[in-house]
Amino acid sequence: MEAIRALRVVRKSALYTIVLVRMQSDQRTRDYVARRTAEGMPTKDIMRCLKRFVAREIYRHLTSTSTLGTAGSAGARS
């Protein structure tokens, strides 16, 4: 049970770090933050939305067939 909790903490921390970096360096994210701030959305809610987006983006990348195909064949020996 403790291991599961520890993994959740690491995952949340990683998403938070990714969002912070994107808010500082990625122009699309900066535009999104500016638009949402102008609409009156609090920064906490903006970060929550961005973390969800990043999590979906990572999940799509991990489950894509092209990623699984290349990862599976990389370790295979002939």
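Any value given below was found using the heavy atoms of this structure, including those in side chains, with hydrogens, waters and symmetry copies removed. These figures come from a predicted structure and were not determined experimentally.
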Find the distance between CG (Leu50) and CZ (Arg36) and round it off to the nearest 0.5 Å.
9.5 Å
Less than 4.5 Å apart, side chain to side chain, heavy atoms only: is that true for Phe53 and Arg22?
yes
Which residue in the set Lys51, Met47, Arg52 passes side-chain contact (heavy atoms from CB on, under 4.5 Å) when paired with Leu15?
Lys51
Between Ser13 and Val9, is there a donor-acceptor pair closer than 3.5 Å when you use the side chain of the first and the backbone of the second?
no
One thing to verify: whether Glu2 and Arg5 come together as a salt bridge, which I'm taking to mean a side-chain N less than 4.0 angstrom from a carboxylate O.
no
Separation of Leu20 CG from Thr29 OG1 (nearest 0.5 Å)
11.5 Å
Would Ile18 end up clustered with Leu62 when hydrophobic side chains under 4.5 Å apart are linked, directly or stepwise?
yes
What are the two closest heavy atoms between Val33 and Thr37, and how far apart are they?
O-OG1, 2.7 Å
Between the NE2 atom in His61 and the CD1 atom in Ile58, the distance rounded to the nearest 0.5 Å is 9.0 Å
So, do Arg60 and Arg56 sit near enough that their side-chain heavy atoms are less than 4.5 Å apart?
yes
May I ask whether Val21 and Val19 are part of the same hydrophobic cluster, defined by side-chain heavy atoms of I, L, V, M, F, W, Y residues being less than 4.5 angstrom apart, directly or through others?
no
